[in-house]
> 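Have a look at the structure that comes next, please.
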Amino acid sequence: MRILVVGKGGREHALVRALAESPGKPEVFCFPGSDAIFSIAQPVEADGLETLVEWMKTHAIDLCVAGEESYLVKGEGLANLCEKNGIPCWGPPKESAQLEASKEFAKNFLLRNHIPTARATATETLEEAVSAIAGEYPTVLKFDGLAAGKGVAVCPDEASALDFLDEVFTQKRFGEGRVLVEQCLTGPEVSVFAAIIDDQYLIFTPARDYKRANDGDLGPNTGGMGAVASRRLVSQEILDQIEKEIVQPTVAGLRKEGLPYRGFLYFGLMLTPTGPQIIEYNCRFGDPECQAVMPLVRGDLAEFCLAGAKGELRSDLISFDDGWSVCVILASAGYPETSRNGDEITGLESPSDARVYHSGTRRTDRGTWETNGGRVLAIVAGAADRAEAVSKAHAAADLVNFDGLQRRRDIGILHFD
Ligand code: AMP
Ligand code: GLY
């Protein structure tokens, strides 16, 4: 089997590795990829989606796997173009990827399908937003579009809300778009992933993303400073509730509304005192949750995704390790506000009992590795119990270093029950 994975981050490094390690030993290609990914997948030259799909056709690609969301909604849409050209694609078409690309679309979908979510009002101007907030703080403001994880502000007071509204409506930091004013929910967050294939689904191991920059869940929001994954992260009772009240009505809603879906769907949830509520959909796996979850997947992920892309749910092909997986992110100086490139990374070969996925690195002419982005590396270790997975992951992370390295010491330790 020949697979092309689209994306370039730590999530894609984990996906490529999981696919490449599938028993059938598929040949894996990656676009645009990264230096680290190219040690296990072959690079692809393309200057746009059309040429990429043309390349897939001429190189007899059996399966395209969408890692990153942006390609799903670019131009005609990656999955749409694949479909037109008869290439099975694991990832939804553009119309369904609006669940991630437009927060307003997602909110209306949730409301139409009676899926528990926060109340929200769509606003077009700063004045409308202020009036929708109606003095109720904290409030949550969401830019209605893809903003690379930067488009959401949880505002404790009027001053922070006005700052965000000024960035959106006056400075147009994210381009043109509306703002959803949303009720602020409270409770622990959990990321649930399902493989959705038309009217069928399979729920993967749930994970928790540590979004804040500093220990104790303090500091600014980031793309994710680490993750922990385990079936035991949430109780069976809550998992059942999530399946019944959130996953099933989502799958039914997609069918009812004629939105085709074959691929991973990410349910960003908050376990509120009145039950799980959805805060966002993403039409892909999470990053860094993917790095934590993939090592728990047993069986043949490549065949599973190929069968799924062709419309068949083959739950018999994969299973999930019952243990714990902990992912510690090493970030560069200045992250999340900025990032610093060019710091030499040492100790990369040292962790023997952990997996190292590259998020933002570059291979130098001398064959060494240096930082090349905000999130640099994900160090992942697993064990049957949580404490052991935590100590293995942190011990492995201790062995890797670069100037300005930032990491959290409580990943996997800080718990939410
Ligand atoms: P999102 O980009 O939608 O994942 O939002 C980023 C983060 O903002 C989430 O992970 C939550 O921590 C927070 N957030 C989003 N929506 C809400 C909400 N309605 N209430 C409280 N926090 C929220
Ligand atoms: N971990 C958050 C995300 O992938 O959006």
Side-chain angles (χ1 to χ4, degrees), residues 66 68-74 76-80 83 89-124 129 132 139-149 151-152 174 176-185 187 189-204 206 241-272 274-286 308:
E68 191 185 311
E69 66 277 14
S70 62
Y71 299 93
L72 297 170
V73 291
K74 228 176 241 170
E76 273 188 67
L78 176 65
N80 307 65
E83 155 117 68
C89 180
W90 186 243
K94 191 171 178 172
E95 55 275 25
S96 308
Q98 294 306 315
L99 278 186
E100 171 166 7
S102 165
K103 299 213 181 266
E104 199 179 335
F105 179 90
K107 187 59 76 176
N108 289 332
F109 175 89
L110 288 163
L111 294 175
R112 279 195 303 274
N113 291 287
H114 310 290
I115 301 167
T117 188
R119 274 184 287 110
T121 312
T123 63
E124 304 221 8
T139 188
V140 181
L141 303 177
K142 298 186 170 183
F143 175 74
D144 188 29
L146 289 180
V152 175
F174 310 113
E176 290 299 328
R178 318 214 285 182
V179 165
L180 281 193
V181 174
E182 194 167 288
Q183 167 200 13
C184 189
L185 303 174
E189 285 181 51
V190 61
S191 308
V192 167
F193 305 94
I196 310 267
I197 300 156
D198 306 332
D199 57 347
Q200 308 178 80
Y201 62 86
L202 176 70
I203 296 177
F204 276 48
Q241 200 180 357
I242 290 170
E243 179 168 2
K244 189 160 152 277
E245 294 175 10
I246 290 171
V247 179
Q248 287 174 358
T250 298
V251 174
L254 288 168
R255 293 299 280 171
K256 200 168 65 203
E257 301 194 7
L259 295 169
Y261 208 107
R262 291 178 186 170
F264 291 122
L265 181 58
Y266 167 149
F267 301 80
L269 305 175
M270 200 165 262
L271 306 179
T272 75
T274 58
Q277 298 211 27
I278 187 154
I279 50 181
E280 64 164 346
Y281 288 116
N282 291 311
C283 297
R284 50 167 175 86
F285 228 95

> Run the ring-ring contact (aromatic ring centres under 6.0 Å, His included) test against Tyr71 and tell me which residues pass, sequence neighbours left out.
none
> What's the spacing between Gln248 CD and Ile203 CD1 if we round to 0.5 Å?
8.0 Å
> In chain order, what residues pass the side-chain hydrogen bond (donor to acceptor under 3.5 Å, both in side chains) check against Glu95, with sequence neighbours excluded?
Asn80
> Say you draw a straight line from CG of Leu269 to CD of Gln277; how long is it, rounded to the nearest 0.5 Å?
10.0 Å
> Restricting to non-hydrogen atoms, name the atom on Ile246 and the atom on Pro276 that form the minimum distance, rounded to 0.1 Å.
CD1-O, 3.7 Å
> Under a 3.5 Å cutoff, is there a donor and acceptor pairing between the side chains of Thr250 and Tyr281?
yes
> Identify the heavy atoms of Glu243 and Pro249 that sit nearest to each other, and give their distance.
O-CD, 4.2 Å
> Determine yes or no for a side-chain-to-main-chain donor-acceptor pair under 3.5 angstrom, with Lys107 supplying the side chain and Ala118 the backbone.
yes
> Measure the CD1-CZ distance between Ile279 and Phe267 for me, rounded to the nearest 0.5 Å.
13.5 Å
> Can you see which heavy atom on Arg284 is nearest to which on Tyr266, and at what distance?
O-CB, 3.2 Å
> Is a donor on one side and an acceptor on the other found under 3.5 Å between the side chain of Gln183 and the backbone of Arg119?
yes
> Donor-acceptor check, side chain of Thr272 to backbone of Gly187, threshold 3.5 angstrom: yes or no?
no
> Indicate yes or no for a side-chain donor-acceptor contact from Asn282 to the backbone of Glu100 under 3.5 Å, with no hydrogens or angles considered.
no
> Is there a salt bridge (charged side-chain N to carboxylate O under 4.0 Å, His left out) between Lys142 and Glu280 once you walk through the steps?
CA-CA 11 Å; Lys142 298 186 170 183; Glu280 64 164 346; over 6 Å; no
> Can you spot which of Phe285, Phe264, Phe204 makes a ring-ring contact (aromatic ring centres under 6.0 Å, His included) with Phe193?
Phe285
